[in-house]
Amino acid sequence: MSLISQNARNKIRKKRDAEENIDLGRLPLGDDTRESETKLTNLKRSKKINTSDDKYDNASKMEEEVKEMNKLESFLFGNLHSSIEFGKEIGGGDNENEDRDGPLFFLDNSAGDDTAAYEGNIYSYCTRDQKEERKPAWCDDEERTKVDIMSVRRLRKLRKEASEKVISGADYVSRLRAQHAKLNPRTEWAEIDYKSNDVGASDDESDDQSGITNVPDYEDTRDDVFRSNFELIDKGTGKLLPGLLEYSRLMNVNYEDPSKAPINSTQFHKNGQLLLTAGLDRRLRFFQVDGKRNTLVQSIFLEDCPLHKASFLPDGSRVILSGRRKFFYVFDLVKAAVEKVGPLMGREEKSLELFEVSPDSSMIAFVGNEGYILLVSSRTNELIGTMKMNGTARSLAFVDGGRQLMSSGGDGHVYHWDLRTRRCIHKGMDEGCLNASSLCASPDSSLFAAGSSSGIVNLYKRDDFLGGKRSPLKTIENLTTTVNFMQFNHDAQILAICSHMKKDSLKLIHIPSFNVFSNWPPIFGLQYPRCLDFSPGGGFMAIGNAAGRVLLYKLNHYQNA
């Protein structure tokens, strides 16, 4: 080999190495690029080893092979020597009018038919409407969930019908929310759009015949808030609005020791914390009422007397107990002793179950036989006098601080007695009444209500009745069976009327407007009511029923028990 051929070969080799170094310097330092660089270098080296010395003479052929390899790399891995512009397809041309909404990638059909099947959905996925409604990540199973509200005692109040047992999860949630809203009433007077129902007449309108002013106009009382804050501070002294009664159901009074027989009597002590219950199970029970625990204080058993009535003396020292017996019992709260009294001397009554106690605690009036009224001293427990009606005596009520007594009975008349002279001072016919069944008077003795066996209750102003006026202020016809029990609350704004003969037969009347509260009685729970009493401050209302339970309600209008 000549010297000239050797120099030519060295020059060609140096030129090829220089080109390779330039190409390698332009490549990025990524892992994929280095891997492709290594493969390309190995491929070139293998070609250098396997190629005979004669091929190195043709330099142009080798340059074409290098260009062919670079072109193949650009096709597989993109253009490695150009910068990437966001928004353009990688490896795309420089045409500015090119559609920029196309996909930034493409699929290789050579991978198989499964991948190629999704190629047609690429554009539809990228260009679909972004305002399409999003589907929820999960769905609650409230509709498919069933809740047995009869299995848990405290859930029974959620029923809308007595026969309802199982409800859906959605109904269960909505009823719980409604129950929470009912137990926690909002301050409606603070709402901007609040408007009370137009009930009653205005302050200027009055009943000329009775002299009693009707309920004031409650249509718009928002301006009164800015005039005085008295009712906001002492809410219990304000006027009770008609229409809806705000109340809350509390734990039963006798939850710790329920009775197995009907409750015939329940009454609050004058301190508002102690409550007695009595019934046909011959037990007298005392409970400390707080609305949460209602702790049992004491229970007394009387062997020979199923109790029909029990009542505190107004001074709170003793309890009078009676039944269908010739005698009655007196329980001393201070000594915790029971005393049996009777039979009364000179009398042959077989039953002393009906009685009333005077407001001054000095006298007890019993209903006797053949229209007789028996007066017994509460101090000596002896008979001190009798009074006789024309018909049978069935109900009694003390008025004028215990100086007078009202009575009614089978002849349909209402009698007024002066207890100092033991003489009848007035006798008047109860309008439309044939057989009177109950009688009660307001705490200030200005009003009294007379109930009959037909379910009619007449409300009178007592001074007008004594003056000869026979027409009642209001005739209440909401009951259809015998009116067995009636009671005013402490401020005479509520009158409760009750019948033993019909289920849920207990109505509450708003006295200023003479309208029945529309949301009372509640749908469930009352059963057959038999007795009722309001606490001295009006905050609590206890109802005894034939099932042996004493239900407790909180009247939200009043702040004191």
Side-chain angles (χ1 to χ4, degrees), residues 136 138-188 243-263 266 275 277 279 281 285 287-296 496 498 500 502-508 516-535 539-558 561:
W138 70 88
C139 296
D140 294 334
D141 294 334
E142 293 180 354
E143 294 296 337
R144 291 181 290 180
T145 303
K146 300 297 181 182
V147 180
D148 187 0
I149 57 179
M150 290 294 294
S151 60
V152 182
R153 183 181 298 273
R154 65 174 179 269
L155 296 181
R156 294 180 182 179
K157 59 180 173 289
L158 301 179
R159 294 177 296 167
K160 292 184 177 179
E161 297 179 0
S163 60
E164 194 173 24
K165 295 182 179 180
V166 180
I167 60 176
S168 64
D171 290 341
Y172 177 70
V173 172
S174 63
R175 294 184 188 184
L176 280 180
R177 293 181 185 275
Q179 181 71 10
H180 175 77
K182 182 172 68 174
L183 295 180
N184 301 275
R186 300 181 61 186
T187 53
E188 295 181 349
L244 298 179
L245 178 66
E246 295 183 4
Y247 66 91
S248 302
R249 172 73 183 274
L250 304 178
M251 178 183 289
N252 291 351
V253 173
N254 61 345
Y255 179 79
E256 289 189 1
D257 188 13
S259 175
K260 297 181 180 179
I263 300 294
T266 181
L275 179 93
T277 64
D281 61 348
R285 298 177 176 87
F287 296 90
Q288 183 179 354
V289 180
D290 58 5
K292 297 179 180 179
R293 297 185 59 185
N294 301 331
T295 307
L296 176 66
C498 170
H500 300 171
K502 193 173 181 180
K503 191 174 182 180
D504 298 329
S505 184
L506 174 62
K507 302 293 183 180
L508 298 180
V516 176
F517 288 104
S518 59
N519 61 334
W520 184 272
I523 301 176
F524 303 105
L526 288 186
Q527 298 296 324
Y528 290 88
R530 297 184 63 84
C531 56
L532 176 145
D533 190 40
F534 296 95
S535 61
F540 288 141
M541 179 175 62
I543 303 172
N545 61 20
R549 297 181 178 87
V550 180
L551 311 179
L552 183 64
Y553 293 88
K554 181 182 183 301
L555 304 184
N556 297 329
H557 175 75
Y558 301 101

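One-based numbering along the sequence shown.
Scanning for side chain to side chain contact (heavy atoms under 4.5 Å, CB included) contacts around A261 gives S259, L280, D281, with sequence neighbours left out. A search for ring-ring contact (aromatic ring centres under 6.0 Å, His included) contacts involving F534 returns nothing, not counting sequence neighbours.
Note that CG of L552 and CG of N294 are 6.0 Å apart. Values are rounded to the nearest 0.5 Å. One finds the CZ atom of R293 at 12.5 Å from the OH atom of Y255 (value rounded to the nearest 0.5 Å). Atom CG of N545 sits about 10.5 Å away from atom NZ of K503, to the nearest 0.5 Å. With rounding to the nearest 0.5 Å, the separation of CG in L551 from CG in N254 is 8.5 Å. The distance from atom NZ of K165 to atom CZ of R156, rounded to the nearest 0.5 Å, is 10.5 Å.
With N519 contributing its side chain and Y247 its backbone, the two residues share no donor-acceptor pair below 3.5 Å. No side-chain donor-acceptor contact under 3.5 Å links T277 to the backbone of T266. Side-chain atoms of D148 come within 3.5 Å of backbone N or O of M150 as a donor-acceptor pair.
Dense packing is recorded around NZ of K554, with more than 12 heavy atoms of other residues, nucleotides or ligands lying under 6.0 Å away.
H180 places none of its side-chain heavy atoms less than 4.5 Å from the side chain of R177. Taking the side chain as every heavy atom from C-beta outward, T295 and E256 approach each other to under 4.5 Å. Side-chain contact between P522 and Y553: present, with at least one pair of heavy atoms (C-beta onward) separated by less than 4.5 Å. A heavy-atom distance below 4.5 Å is not found between the side chains of K157 and R249. Taking the side chain as every heavy atom from C-beta outward, M541 and S535 never approach each other to under 4.5 Å. Side-chain contact check for V550 versus L275: some heavy-atom pair is nearer than 4.5 Å.
The two residues A496 and L508 come nearest to each other via the heavy atoms CB-CD2, 3.5 Å. Shown here for K146 and V166, the closest heavy-atom pair between the two residues is CB-CG1, 3.8 Å. When all heavy atoms of L250 and F540 are compared, the pair lying nearest together is CD1-CE2, 3.6 Å. For the residue pair D257 and F287, the shortest heavy atom distance occurs at O-CZ, 4.1 Å. Here the closest non-hydrogen pair linking E164 and K160 is OE1-N, 3.0 Å.
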Atom pairs and distances, side-chain donor-acceptor, residues 523-533, under 3.5 Å, sequence neighbours left out:
from	atom 1	to	atom 2	distance (Å)
R530	NE	N264	OD1	2.9
R530	NH2	N264	OD1	3.1
D533	OD2	F268	N	2.7

